[in-house]
Amino acid sequence: MGENQYSLVVVSNRLPVTFERDSAGVLTPVISPGGLVAAVAPALRGKNAAWVGWDGTFDGSENSLDVDGIALFPVALSQTLVEKHYEGFSNSTLWPLLHDIGAQVDFEESWWSAYAEVNQRCADAVARVAAPHATVWIHDYQMMLVPSMVRSLRPDVTMGYFHHIPFPSPPQWNSLPHVSEVVTGLYGADVCGFQRHSDTENFLAAAQATPPASGLIIPKAKTYPISLDFADVSKAASSEVVKHKAKEFRKQWGSPTTVLLGVDRIDYTKGIPERLEAFESLLESGHISTEDVVFVQAGSPSRENVASYQALQTRLDSLVKRINEKFPSSQGRMPVVYWAKNLAREDMLALFVAADVMVVSPLRDGMNLVAKEFIACRGDNSGVLVLSTGAGAADHLTQAVLCEPGNPEALHDAILSALAMDGGEAHTRMAAMRDYLAVHDVAAWASDILGDLASLPSK
Ligand code: F6P
């Protein structure tokens, strides 16, 4: 299909693609699993949709690709632009500032220029591929200037922006360099969506303090909690392959009575060291013993060129070593199994099936789809979820064992009450959360947003 033809155009920093080299050395694009992709891709199939973004390479080709029925339009970026836009303003300025957990916020003026340049390139690509009166759906904090940039190029399109991560309260938000340009960057959108009511309210407070330039208006703001493809994950987790892998994993971990599990992108917002320290203090206090319990922590390496992420990796390596040296079981079994690698989808699902208690304890998180994946994988209604209220998921997964973020005693107590919960209660809680997610799935999320956009008067 040529350009200027697509009735639905998605824009995100990263295209949902990775390149695999075949035996002849030829690179083939494949849809990458997880995160934004898993949430958005199912909503696009069969909708004459295009997706604009960076393909993860430096100075790559801008030729369009058809992957699984979605037309992908790569925006080629140089290494310098990626360093300044992605590693710089997006992940060293916006990411720590928007999560508001006291992490260091860095800023350089050249990062801001690169951020604006990458946003403009993406906006230009959208303007090229969108059909007349198309719907444009922009994703996340790496792309906050795209709405107003697209609006000035294409007044005819209907536009939604969805913010996947927290939007902080006014004092924190106002400390952002170039804050008014970022807020007004969103003003080209018709609707801005957020994960939690608090995010929506914080955006509205920021908008009230930032008048729109002439020709633009403050967008409608609404809360749309993101979800997962519940039926698909449940089905995949019930396959014989996954069940078999789960059994093998437990054997590999020394057949403990109880498996505690953490699964995260290795990010300082996820509270991984704090979680392992809670486990360590439970071992120290004698409330649990390495004779019975193993903590499995899987982490996918992330943003590895950013100093704060490198520091976290180092901290985790030494923390795991310390706990394992201090508390081996009498058979020499290690209390912490730490897998710092990207896992194949089936292995990831097998982890969720193999666990008894899943500990999701971010200091702050937009939603946290890992918590929802764990629930989707528990087809027999067994298992207990410990969930920090710092995650958006805690707003509606209220049958989890909830705990305050960043409070070691609260996490300690929550893990203990999860371990002590009787099977009947765990079953009732899990069944209720599964019922909720079966209805509030990713298709409902996407159709809510796209339905709201479709109901706006045509331009
Ligand atoms: O949820 C936040 C987010 O940045 C998404 O936009 C993205 O899909 C995911 O985390 C992974 O981030 P990255 O592209 O930096 O690996």
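Numbering of ligands and ligand atoms starts at 1, following listing order. Any value given below was found using the heavy atoms of this structure, including those in side chains, with hydrogens, waters and symmetry copies removed.
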By number and element, which atoms of ligand 1 are closer than 4.0 Å to a non-hydrogen atom of [X]?
X	answer
Trp95	2 (C)
Tyr141	4 (O)
Ile165	2 (C)

For this session: Give yes if a backbone or side-chain nitrogen or oxygen of Tyr86 is under 3.5 Å from a nitrogen or oxygen of ligand 1, and no if not.
Result: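 There is such a contact, yes.
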Exercise. Can you check whether Asp140 has an N/O within less than 3.5 Å of an N/O in ligand 1?
Worked result: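 Yes, since at least one N or O of Asp140 sits under 3.5 Å from an N or O of ligand 1.
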Exercise. Who are the side-chain hydrogen bond (donor to acceptor under 3.5 Å, both in side chains) partners of Ser92, not counting sequence neighbours?
Worked result: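 With neighbours one apart ignored, the set is empty.
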For this session: Assess whether atom NZ of Lys235 is packed by more than 12 heavy atoms of other residues, nucleotides or ligands within 6.0 Å.
Result: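 At most 12 heavy atoms, drawn from other residues, nucleotides or ligands, come within 6.0 Å of this atom.
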Problem set entry | Pairs where residues 430-443 contributes a residue and the test side chain to side chain donor-acceptor pair (under 3.5 Å) is met, not counting sequence neighbours |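 Listed once each, the pairs would be none.
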Exercise. Strictly by modelled atom types, are Trp111 and Asp106 linked by a side-chain donor-acceptor pair under 3.5 Å?
Worked result: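 No - no donor-acceptor pair under 3.5 Å links their side chains.
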Problem set entry | No-hydrogen, no-angle side-chain donor-acceptor test under 3.5 Å, Asn48 and Ser7 |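 There is such a pair (donor and acceptor under 3.5 Å, judged by atom type) between the side chains of Asn48 and Ser7.
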Exercise. Any heavy atom of Gln142 sitting closer than 4.0 Å to ligand 1?
Worked result: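 In this structure, Gln142 qualifies as a contact of ligand 1 - some heavy atom is under 4.0 Å.
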For this session: Report yes or no: is the cationic atom of Arg14 (NZ for Lys, CZ for Arg) under 6.0 Å from the centre of the six-membered ring of Tyr86, at an angle within 45° of the ring normal?
Result: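 Cation-pi check for Arg14 and Tyr86: passes.
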For this session: Mind checking whether Asn13 contacts ligand 1 via backbone (N, CA, C, O), side chain (CB onward), both or neither, at a 4.0 Å heavy-atom cut-off?
Result: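 For Asn13, there is no contact with ligand 1 at all, from either part.
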For this session: Please work out whether any backbone atom (N, CA, C, O) or any side-chain heavy atom from C-beta onward of Arg303 is under 4.0 Å from ligand 1, and answer side chain, backbone, both or neither.
Result: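 For Arg303, only side-chain atoms sit under 4.0 Å from ligand 1.
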